[in-house]
Amino acid sequence: MRLDKMLAHMGFGSRKDVKQLIKSRKVRINNDIAKRPNVHIDTERDEVSVHGELVDYKEFIYLMLHKPQGFISATEDGYSQTVIDLLEVEDAHFEPFPVGRLDKDTEGLLLLTNDGKLAHALTSPRREIEKTYYAVIAGRVTDDHIEQFSRGVTLDDGYETKPGHLRILISGNISEIELTITEGKYHQVKRMFESIGRRVTFLKRIRMGEITLDEKLPIGSYRELTDAELDYCLRQR
Ligand code: URA
């Protein structure tokens with residue numbers, strides 16, 4: 001890969017900025033001052049440093065975000081803030097995008113990556129990746145509902161859902177549940193509850209495949225995936 005392309009990808013500014021950096025002798029390759037922006041480097045083997053600091057090259061970024069309410073799961077939106085607005089510039093310049101969508105008023109686990117192949121694999125309906133949601137429901141949720149969800153329910157547009165696994169945490173005038181589904185239709189959890197005459201008043205995704213929301217991650221913040229989480233993701237590609 002060209003040196004200027006690599007440094008621009010790693011957030012050292014535009015190609016023009018990077019050329020300037022090289023010209024001012026601030027960039028070294030294997031300890032020798034880099035002379036030309038178009039020199040080819042082996043990102044696996046060559047050690048590139050800028051201002052004496054080693055550049056740890058990576059092509060892809062894999063982030064776990066604890067999404068807050070009020071943010072759109074998109075990279076751009078004319079009106080609302082997007083989840084990308086929650087990222088530091090040094091992560092945003094990798095141009096990650098959300099893996100699937102959570103509604104604006106849904107919180108919880110959202111993966112962000114610039115690895116299109118992985119995003120596709122995790123959201124492909126054929127893969128049937130399990131997603132678990134915690135929800136607060138207006139009204140009583142009963143064992144009958146567990147039974148109905150386990151058979152699949154019919155949504156307002158006639159779509160028959162695949163079976164969902166419903167776990168009741170608290171049943172009362174206000175109930176708390178966990179629902180695991182393998183699909184990702186528009187507003188799916190909310191519409192599944194509507195189909196049984198109940199309303200979701202709070203929704204949070206807590207798991208996607210083998211990746212569980214890190215509860216130590218404050219709402220609105222994010223971190224890179226751990227090696228184990230990344231391993232799982234790369235196995236899905
Ligand atoms: N189901 C919903 O209704 N909303 C979400 O954000 C995710 C799943």
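Side chains are part of it too, since the values below use all heavy atoms of this structure and drop only hydrogens, waters and symmetry mates. In this chain, numbering begins with 1 at the start of the sequence shown. For ligands, and for the atoms within them, numbers begin at 1 and follow the listed sequence. All of these numbers come straight from a predicted model, not from anything done at the bench.
Here is the list of ligand 1 atoms found below 4.0 Å of a heavy atom in Gln188: 1 (N), 2 (C), 3 (O). The Thr106 neighbourhood of ligand 1 comprises atoms 4 (N), 5 (C), 6 (O), with distances under 4.0 Å to a heavy atom of that residue. Counting the atoms of ligand 1 from 1 in the order shown, those under 4.0 Å from a heavy atom of Tyr133 are 7 (C), 8 (C).
A salt bridge is defined here as a Lys NZ or Arg NE, NH1 or NH2 lying under 4.0 Å from an Asp or Glu carboxylate O, and Arg151 with Glu147 meets this definition. In summary, Glu107 and Lys204 do not engage in a salt bridge, as defined by a charged side-chain N under 4.0 Å from a carboxylate O. By the 4.0 Å N-to-carboxylate-O rule, Glu229 lies close enough to Arg223 to be salt-bridged with it.
Protein heavy atom nearest atom 1 (N) of ligand 1, with residue, atom name and distance: Val189 N, 3.1 Å. Among all non-hydrogen protein atoms, the one lying nearest atom 6 (O) of ligand 1 is Asp103 N, 2.7 Å.
Looking at Leu203 against ligand 1, only its side chain comes within 4.0 Å, counting heavy atoms.
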Going through the distances and angles, do Glu194 and Arg199 end up as a salt bridge (Lys or Arg N to Asp or Glu O under 4.0 Å)? CA-CA 6 Å; Glu194 269 165 31; Arg199 190 166 54 85; over 6 Å; no

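Geometric assessment of Lys58 against the ring of Phe94 yields a positive cation-pi assignment under the 6.0 Å and 45° thresholds.
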